[in-house]
Enquirer: 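I have a structure I would like to understand better, so I am pasting it below and will then ask my questions one at a time.
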Amino acid sequence: MNEWKRSHYCGVLRSEQAGRQVVLMGWVQRRRDHGGLIFVDLRDRSGLVQVVFSPDLHKEAFDKAGSVRNEYVLAVSGMVRVRPAGTANPNLATGQVEVLAQELRILNRAKTPPFYIENGVDVDENVRLRYRYLDLRRPEMQEALILRHRVAKSVRDFLDENGFLEIETPMLSRSTPEGARDYLVPSRVNPGKFYALPQSPQLYKQILMVSGLDKYFQIVRCFRDEDLRADRQPEFTQIDIEMSFVDVDDILSLMEEMVARMCRETIGLDVPRPFPRLSYQEAMDRFGSDKPDTRFGLELKDISDIAAGCGFKVFSSVVDGGGQVKGINASGCGSFSRKEIDDLIAFAAIYKAKGLAYFIVTEDGVKSTLAKFFNEQELGAIISRLAGKPGDLLLFVADKPQVVADSLGALRLHLGERLGLIPENTYNFLWVVDFPLLDYDQAEGRYVAMHHPFTSPREADIPLLESEPGKARAKAYDIVLNGVEVGGGSIRIHRRDIQEKMFAAIGIGASEAMEKFGFMLEAFEFGTPPHGGIAFGLDRLIMLLAKKNTIRDVIAFPKTQSATDLMNLAPGNVSPAQLKELNIKLNIKSNPPGAKTNRAT
RNA sequence: GGAGCUGUGGUGUAGUGGCCUAACAUGCCUGCCUGUCACGCAGGAGAUCGCGAGUUCGACUCUCGUCAGCUCCGCCA
């Protein structure tokens with residue numbers, strides 16, 4: 001590098017800098033060689049600027065520029081000048097100017113990259129992930145990471161100004177029952193024992209409240225060894241927050257302020273406050289989801305009362321059996337072909353719906369193979385409940401409430417997207433509150449905590465813990481943005497007697513509770529303040545703000561759906577010596593070690 | 001654990017039983033070109049069609065299996 005120092009980023013140059021001597025460093029975006037004149041677009045994180053090499057003025061630099069190729073790393077010393085009349089490029093931020101190169105240094109050469117370094121590339125994700133360092137050179141990827149930084153900074157500033165302390169908690173923790181599968185780390189010093197990577201710093205942050213730290217936050221990595229999705233990675237980042245001496249409203253209003261400020265500071269978006277609040281029940285009833293996307297209508301309508309007495313056995317028997325019948329109005333879809341409707345039925349079947357009854361509304365009433373099972377009055381009532389107009393397609397599911405909600409909720413989203421009902425540039429934040437405290441786990445034959453076992457029931461519902469646990473509601477809340485759960489939290493139990501009732505309700509006995517959470521229960525006996533908190537999924541938040549479809553696009557080094565890293569091929573094998581040191585013996589049935597470590601070709 | 005989609009020169013695609021000695025675009029290489037900015041023009045190299053079996057006289061094409069990526073169900077308090 002010698003004595004050269006970069007003077008400017010490429011993307012900042014404007015006509016104000018005309019006449020200035022500059023030193024730029026960056027990558028070759030493109031070279032346009034006209035024989036007697038060479039243009040090089042030089043790129044760095046700030047953007048592009050055109051560099052001109054002229055043989056008449058600086059022969060040596062011109063000759064060197066001839067050997068330059070895409071992605072070479074250059075240092076250019078030259079003079080900024082306004083481009084000759086008629087040659088400005090209005091599509092480029094720096095398009096009014098160019099840099100006349102006086103001296104060129106090729107700092108490094110580069111192999112031809114496997115894909116273009118530009119926005120909107122349509123390349124197999126295999127290739128992008130294997131060459132992630134090249135993928136991350138693309139401006140849209142850099143913008144996402146920059147946005148991520150700015151969101152984190154905004155949140156950190158806000159919390160700091162509001163008296164929160166950023167406190168680190170251990171990554172090497174211990175496995176606890178309930179919740180997701182843990183990532184385990186063997187302890188060399190303690191043979192046969194394992195640390196668990198935290199699913200979240202939940203227990204630590206509550207202990208910090210016991211310690212009197214009052215207001216805590218952390219932007220922290222969390223780990224869950226579960227199957228991946230577009231919005232789920234094995235390691236992800238939470239904005240984790242906990243405060244003492246607060247109740248639900250204190251937390252919700254402060255968080256609204258934080259979120260609103262963050263949106264304003266990062267993407268210039270004004271979100272109206274207060275955010276709407278929906279009870280869990282209302283969300284399920286109207287949208288079939290506990291994370292409703294309220295950017296469009298297509299709400300679910302209950303026709304169980306009409307269906308109960310009708311002649312269509314499938315409907316009436318479901319209602320008799322305690323189920324429900326609900327429908328949505330796919331407005332204007334009355335012209336769907338048999339195949340299109342079959343596809344909708346198949347779609348609903350993914351969510352366990354055994355069928356999909358449908359009515360086509362016409363000028364002369366209902367067209368349906370099922371119409372004969374209903375009398376005029378019933379048909380009229382159904383149409384009016386779903387606000388059916390001629391040309392509409394009414395779709396119904398009759399089943400247990402869970403299946404009805406899952407299938408119609410999913411169908412609603414599917415149709416909303418397909419029919420183009422979802423507006424761009426709309427950000428609908430809302431709270432879902434009053435979650436059930438417990439959820440019955442069929443497989444295990446017991447109740448499990450819907451949120452986590454330290455979630456406080458609503459005061460009025462405490463007696464229900466022993467009588468009808470399924471009916472108890474929690475002081476828990478989720479924050480939802482455009483149908484994506486971007487955060488959730490609760491007021492915690494701070495009294496030992498209620499905590500014990502909670503453990504009892506979810507079938508954790510006194511001895512198990514002591515073994516797994518003994519330290520916590522003991523801590524709670526030393527003067528625990530009422531407290532509560534929330535955690536935001538930073539990756540999901542950024543994904544939505546950056547308008548991406550997957551959190552992989554806002555994480556620098558994400559993993560594939562099979563939890564591997566295609567760049568460094570993690571997870572990898574370890575040496576027998578390493579295993580021996582950890583007292584671990586492998587017991588692998590089929591795949592020999594290393595079977596899956598070959599590069600995708 | 002399950003369902004679906006995808007896999008063809010570096011990249012993106014076309015080809016769906018013989019017409020394929022695999023096409024197109026772009027990228028790459030060489031030459032020419034002094035105002036381009038997706039520069040242009042001319043020429044050239046580059047693929048045993050993810051992998052393995054099977055069916056067939058014949059497989060990029062059909063079947064089965066397998067691997068990889070993606071989407072989803074289960075799972076994820």
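Below, read A as the first sequence line, B as the second, and so on, with proteins coming before strands; counting in each chain starts at 1.
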Enquirer: Mind calculating the distance between CG (D227(A)) and C1' (G1(B)) to the nearest angstrom?
Expert: 9 Å
Enquirer: Base, sugar-phosphate or nothing for S200(A)? Non-hydrogen atoms, less than 4.0 Å.
Expert: base
Enquirer: Here's a test of your reading of the structure: between V448(A) and D41(A), which maps to the more 5' nucleotide of RNA chain B?
Expert: D41(A)
Enquirer: L228(A) has an atom CG; how far is it from atom C1' of G69(B), in whole Å?
Expert: 13 Å
Enquirer: Rounded to whole angstroms, how far apart are NZ on K352(A) and P on G2(B)?
Expert: 14 Å
Enquirer: Salt bridge check: are R30(A) and D41(A) linked by an N-O gap of less than 4.0 Å?
Expert: no
Enquirer: Counting only N and O atoms by type, is there a donor-acceptor contact under 3.5 Å from the side chain of R446(A) to the main-chain atoms of I506(A)?
Expert: yes
Enquirer: Is the distance from OP1 or OP2 of U71(B) to the nearest side-chain N or O of Q561(A) less than 4.0 Å?
Expert: yes
Enquirer: What contact category does E118(A) fall into here, base, sugar-phosphate, or nothing, at under 4.0 angstrom with non-hydrogen atoms?
Expert: nothing
Enquirer: Which base sits across from A42(B) as a Watson-Crick or G-U pair, both distances under 3.5 Å?
Expert: U30(B)
Enquirer: Roughly how many Å apart are U13(B) and G50(B), using the P atom of each and rounding to a whole number?
Expert: 14 Å
Enquirer: Are D553(A) and R128(A) ion-paired here, with the side-chain N under 4.0 Å from a carboxylate O?
Expert: yes
Enquirer: Would you say S562(A) places a side-chain N or O within less than 4.0 Å of OP1 or OP2 belonging to G69(B)?
Expert: yes
Enquirer: Taking NZ, NE, NH1 and NH2 as the nitrogens, is one of them in R458(A) or D434(A) under 4.0 Å from a carboxylate oxygen of the other?
Expert: yes
Enquirer: Stepwise, does the side-chain contact (heavy atoms from CB on, under 4.5 Å) test hold for L252(A) with V433(A)?
Expert: CA-CA 10 Å; L252(A) 300 200; V433(A) 298; 4.2 Å; yes
Enquirer: Within the 4.0 Å heavy-atom criterion, would you say R552(A) contacts the bases, only the backbone, or no part of the nucleic acid?
Expert: sugar-phosphate
Enquirer: Please report the distance, rounded to the nearest Å, between CD in E417(A) and C1' in C72(B).
Expert: 13 Å
Enquirer: Salt bridge (Lys or Arg N to Asp or Glu O under 4.0 Å) for K339(A) and D342(A)? Distances and angles first, verdict last.
Expert: CA-CA 5 Å; K339(A) 162 99 172 77; D342(A) 281 346; over 6 Å; no
Enquirer: How far, in whole Å, is G15(B) from C70(B) if one measures between their C1' atoms?
Expert: 24 Å
Enquirer: When the C1' atoms of A59(B) and A68(B) are compared, how many Å lie between them, rounded to an integer?
Expert: 23 Å
Enquirer: Do R31(A) and C37(B) have a side chain to base donor-acceptor pair shorter than 3.5 Å?
Expert: no
Enquirer: Answer yes or no: does a side-chain N or O of R30(A) lie under 4.0 Å from OP1 or OP2 of C39(B)?
Expert: yes
Enquirer: Please list, for nucleotides 4-11 of chain B, all pairs of protein and nucleotide N/O atoms separated by less than 3.5 Å.
Expert:
{"residue": "G10(B)", "atom": "O2'", "partner": "P114(A)", "partner atom": "O", "Å": "3.2"}
{"residue": "U11(B)", "atom": "O4'", "partner": "P114(A)", "partner atom": "O", "Å": "3.1"}

Enquirer: Parallel, tilted or perpendicular: which describes the rings of F115(A) and Y131(A), with under 30° parallel and over 60° perpendicular?
Expert: perpendicular
Enquirer: Does the side-chain ring of H34(A) sit on the six-membered ring of the C39(B) base, less than 5.5 Å centre to centre and under 30° in tilt?
Expert: yes
Enquirer: When the distance from CD of Q29(A) to C1' of C39(B) is rounded to whole Å, what number comes out?
Expert: 15 Å
Enquirer: Taking CH2 in W27(A) as the centre, count heavy atoms belonging to other residues, nucleotides or ligands within less than 6.0 Å. Is the count above 12?
Expert: no
Enquirer: Would one find a side-chain N or O of R69(A) under 4.0 angstrom from OP1 or OP2 of C29(B)?
Expert: yes
Enquirer: What is the separation between atom CG on L48(A) and atom P on A38(B), rounded to the nearest whole Å?
Expert: 11 Å
Enquirer: As a test of reading the structure: which of C72(B), U34(B), U36(B) is closest to the side chain of L37(A), going by heavy atoms?
Expert: U34(B)
Enquirer: Just checking D33(A): base, sugar-phosphate only, or nothing, at a heavy-atom cut-off of under 4.0 Å?
Expert: base
Enquirer: Could you tell me whether the side chains of Y216(A) and D240(A) share a donor-acceptor contact shorter than 3.5 Å?
Expert: yes
Enquirer: Taking it one step at a time, do K471(A) and D461(A) satisfy salt bridge (Lys or Arg N to Asp or Glu O under 4.0 Å)?
Expert: CA-CA 8 Å; K471(A) 290 229 169 96; D461(A) 294 354; over 6 Å; no
Enquirer: Check whether more than 12 heavy atoms from other residues, nucleotides or ligands sit under 6.0 Å from atom NZ of K547(A), and answer yes or no.
Expert: yes
Enquirer: Keeping the roles fixed (side chain from R83(A), backbone from V97(A)), state whether a donor-acceptor pair exists under 3.5 Å.
Expert: yes
Enquirer: Tell me: CD of E226(A) to C1' of G1(B), nearest whole Å?
Expert: 13 Å
Enquirer: Would you indicate, yes or no, if C39(B) has its OP1 or OP2 atom less than 4.0 angstrom from a side-chain nitrogen or oxygen of R32(A)?
Expert: yes
Enquirer: Work out how far the P atom of C20(B) is from that of G4(B), and round it to whole angstrom.
Expert: 35 Å
Enquirer: Short of 4.0 Å, heavy atom to strand atom, which residues of residues 79-89 of chain A count as contacting RNA chain B?
Expert: R81(A), R83(A), P84(A), T87(A), A88(A), N89(A)
Enquirer: Quick check for you: among C76(B), C37(B), G69(B), whose closest atom lies nearest to any side-chain atom of L566(A)?
Expert: G69(B)
Enquirer: Just call it for Q50(A): base, sugar-phosphate, or nothing, with non-hydrogen atoms closer than 4.0 Å on any strand.
Expert: base
Enquirer: Under 4.0 Å from OP1 or OP2 of G74(B): is there any side-chain N or O of R181(A) that close?
Expert: no
Enquirer: Restricting both atoms to N or O, compile the protein contacts to nucleotides 46-48 of chain B shorter than 3.5 Å, with distance only.
Expert:
none

Enquirer: If you measure from the C1' atom in A3(B) to the same atom in U8(B), how many Å do you get, rounded?
Expert: 26 Å
Enquirer: Would you mind classifying the nucleic acid contact of S490(A) as base, sugar-phosphate or nothing, using non-hydrogen atoms under 4.0 angstrom?
Expert: nothing
Enquirer: Taking the same atom, P, in U6(B) and in C32(B), what whole-Å distance lies between them?
Expert: 47 Å
Enquirer: Using Watson-Crick or G-U wobble geometry with both distances below 3.5 Å, tell me the partner of U66(B), or none.
Expert: G50(B)
Enquirer: Considering Watson-Crick and G-U wobble pairs with both distances under 3.5 Å, what does U61(B) pair with?
Expert: none
Enquirer: Only pairs with both distances under 3.5 Å count, Watson-Crick or wobble alike; so what is the partner of A23(B) in this structure?
Expert: U13(B)
Enquirer: Before accepting this row, confirm whether a basic side-chain N of the pair E235(A)/K559(A) lies closer than 4.0 Å to the acidic partner's carboxylate O.
Expert: yes
Enquirer: Quick one: which of C76(B), G1(B), U71(B) gets closest to the side chain of A230(A)?
Expert: U71(B)
Enquirer: Would you tell me whether T176(A) and R174(A) have side-chain atoms, one donor and one acceptor, within less than 3.5 Å of each other?
Expert: no
Enquirer: Measure the acute angle between the ring planes of F435(A) and Y280(A), then classify it against the limits of 30° and 60° as parallel, tilted or perpendicular.
Expert: tilted
Enquirer: Does U71(B) have OP1 or OP2 under 4.0 Å away from a side-chain N or O of N549(A)?
Expert: no
Enquirer: F39(A) side chain: which of C73(B), U36(B), A68(B) is closest?
Expert: U36(B)
Enquirer: Considering only C75(B), C28(B), U34(B), which nucleotide approaches the side chain of D56(A) most closely?
Expert: U34(B)
Enquirer: Counting only N and O atoms by type, is there a donor-acceptor contact under 3.5 Å from the side chain of S173(A) to the main-chain atoms of P170(A)?
Expert: no
Enquirer: Give the rounded distance in Å between these two atoms: CG of D343(A) and P of C72(B).
Expert: 18 Å
Enquirer: Determine the interatomic distance between C1' on A47(B) and the same-named atom on C28(B); round to the nearest Å.
Expert: 15 Å
